[in-house]
Amino acid sequence: MNKPPEIAPSWSRLLDLMSANWATQKWRDVGVVIGCSGGADSVALLRLMAELRAQGKNPPRGFVIAAHYNHALRGSESDDDQQFVQMLAEQLGLRFQTTRTQSDESSEAALRSMRMQFLTDTAHASGARYIAVAHSADDNAETVLHHLLRGTGPAGLTGINHTRPIGTDLVLYRPLITASRQEIRTALNEVEQPWREDS
């Protein structure tokens with residue numbers, strides 16, 4: 001008699017956390033653009049959403065696009081990141097969208113703005129309802145600390161919002177905002193899912 005496959009406990013907890021933070025039925029039948037750099041957090045988000053989307057009796061009516069912005073700042077490493085995300089998207093049966101821009105901009109704020117514009121443009125062009133990004137609890141803590149050091153008021157202590165509207169017909173979601181980076185990496189290792197490290 002065949003033994004049922006063992007459920008990876010850390011990965012299972014992450015699936016439950018995702019479902020609690022963003023109910024699958026809210027996005028399964030519409031378009032979602034996922035920002036994926038190839039790093040651990042965004043790889044986990046992409047794979048989690050692919051697995052959650054595949055659950056259920058009926059096939060999903062929506063679509064998921066893995067969207068990768070190649071800043072071309074690290075030569076062949078940047079191109080390898082892009083290739084990694086494209087291959088992962090293909091393995092998961094998801095659409096893939098990328099753009100490659102070489103810019104003199106190097107500040108994190110400027111690069112973040114460029115990525116967000118790309119994700120927004122991709123969502124509008126495809127008719128997606130949501131953009132999902134992989135900010136973790138660690139990103140939230142770092143944001144609060146940064147605000148404290150700048151002398152923020154009480155509003156700054158709330159950190160990163162779980163969701164925020166972009167215009168009138170698009171919503172940004174951060175479904176991993178309550179997971180720690182360590183939890184995410186432990187879960188990925190458990191299911192033997194590699195990711196890219198930024199040197």
Side-chain angles (χ1 to χ4, degrees), residues 22 31-49 64-89 92 94-126 128-152 155-156 158-167 170-182 184-185 188 193-199:
W22 195 17
V32 182
V33 173
I34 301 177
C36 189
S37 65
D41 297 351
S42 64
V43 164
L45 177 60
L46 196 65
R47 183 161 167 179
L48 287 162
M49 289 191 70
V64 173
I65 299 175
H68 177 82
Y69 196 111
N70 185 344
H71 289 287
L73 293 173
R74 294 175 292 116
S76 62
E77 270 190 62
S78 293
D79 295 335
D80 290 345
D81 290 348
Q82 177 181 320
Q83 187 177 23
F84 173 86
V85 175
Q86 183 170 2
M87 288 175 65
L88 179 61
L92 297 172
L94 307 177
R95 289 158 62 176
F96 175 73
Q97 184 77 32
T98 191
T99 192
R100 187 179 195 279
T101 307
Q102 207 145 13
S103 169
D104 294 333
E105 291 285 1
S106 60
S107 76
E108 187 51 46
L111 297 176
R112 192 183 314 117
S113 176
M114 291 162 71
R115 287 192 300 271
M116 197 62 230
Q117 189 61 56
F118 163 63
L119 294 175
T120 303
D121 290 346
T122 301
H124 285 315
S126 64
R129 178 74 180 90
Y130 298 107
I131 294 171
V133 292
H135 290 129
S136 69
D138 297 72
D139 294 312
N140 203 21
E142 287 166 10
T143 298
V144 170
L145 181 61
H146 180 67
H147 288 172
L148 274 171
L149 292 172
R150 285 174 46 206
T152 187
T158 58
I160 301 171
N161 289 329
H162 181 211
T163 68
R164 78 172 168 89
I166 301 172
L170 194 57
V171 179
L172 176 71
Y173 256 88
R174 298 179 176 95
L176 291 180
I177 199 69
T178 56
S180 72
R181 284 184 191 142
Q182 188 54 54
I184 292 167
R185 281 155 177 73
L188 286 171
Q193 172 62 60
W195 65 85
R196 298 280 297 170
E197 290 288 0
D198 185 340
S199 62

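The chain is numbered in sequence order, starting from 1. Since the model is a prediction, treat every value here as computed from it, not as a measurement.
A 4.5 Å side-chain heavy-atom check between L170 and H124 finds at least one atom pair inside the cut-off. Residues V33 and S126 meet the side-chain proximity criterion, which asks for heavy atoms closer than 4.5 Å. No side-chain heavy atom of N70 sits under 4.5 Å from any side-chain heavy atom of D81. Between I166 and I131, the closest side-chain pair of non-hydrogen atoms falls below 4.5 Å. Side-chain contact between L119 and V133 is present, with at least one heavy-atom pair separated by less than 4.5 Å. The closest side-chain heavy-atom distance from R196 to D80 is below 4.5 Å. By the 4.5 Å heavy-atom criterion applied to side chains, L46 and L88 are counted as neighbours.
Side-chain N or O atoms of H68 include one that pairs as donor or acceptor with a backbone N or O of C36 at under 3.5 Å. No donor-acceptor distance shorter than 3.5 angstrom exists from the side chain of S113 to the backbone of A109, with no hydrogens or angles considered.
Looking at residues two or more places apart in sequence or on another chain, you find no salt bridge (charged side-chain N to carboxylate O under 4.0 Å, His left out) involving D121. Scored by the salt bridge (charged side-chain N to carboxylate O under 4.0 Å, His left out) test, R95 finds no partners at all (sequence neighbours excluded).
If you take CZ on R112 and OH on Y69, they are separated by 14.0 Å, rounding to the nearest 0.5 Å. Rounding to the nearest 0.5 Å places CG of L73 at 6.0 Å from CG of L111. To the nearest 0.5 Å, the span separating NE2 on H135 from CZ on R181 amounts to 9.5 Å. A distance of 10.5 Å separates CD in E197 from CD in E77, rounded to the nearest 0.5 Å. Taken to the nearest 0.5 Å, the CE atom of M114 stands 5.5 Å off from the OG1 atom of T101.
Annotation for S37 and S42: closest pair N-OG, 3.1 Å, computed over non-hydrogen atoms. Considering all non-hydrogen atoms of both residues, L92 and R47 come closest at CD1-CA, 3.9 Å. Listed here is the closest heavy atom pair of Q97 and F118: O-CZ, 3.8 Å. Across A128 and V32, no two heavy atoms sit closer than the pair CB-N, 4.1 Å. A pairwise comparison of heavy atoms in F96 and I65 identifies C-CG2, 4.4 Å as the closest pair. P194 and V43 get closest at one heavy-atom pair: O-CG1, 3.7 Å.
Remark: R185 engages D41 in a salt bridge, criterion side-chain N to carboxylate O under 4.0 Å. Comment: R100 engages D79 in a salt bridge, judged by a side-chain N to carboxylate O separation of less than 4.0 angstrom.
When the shell of 6.0 Å around CD of Q83 is examined, it contains 12 or fewer heavy atoms from other residues, nucleotides or ligands.
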Check your understanding: Can you list the steps and then say if S136 with I184 is a side-chain contact (heavy atoms from CB on, under 4.5 Å)?
Key -> CA-CA 9 Å; S136 69; I184 292 167; 4.2 Å; yes
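The aromatic rings of W22 and Y173 sit parallel to each other, their planes meeting at less than 30°, with 60° as the upper class boundary.
Taking the six-membered ring wherever Trp is involved, the centroid distance between the rings of W195 and F84 does not fall below 6.0 Å.
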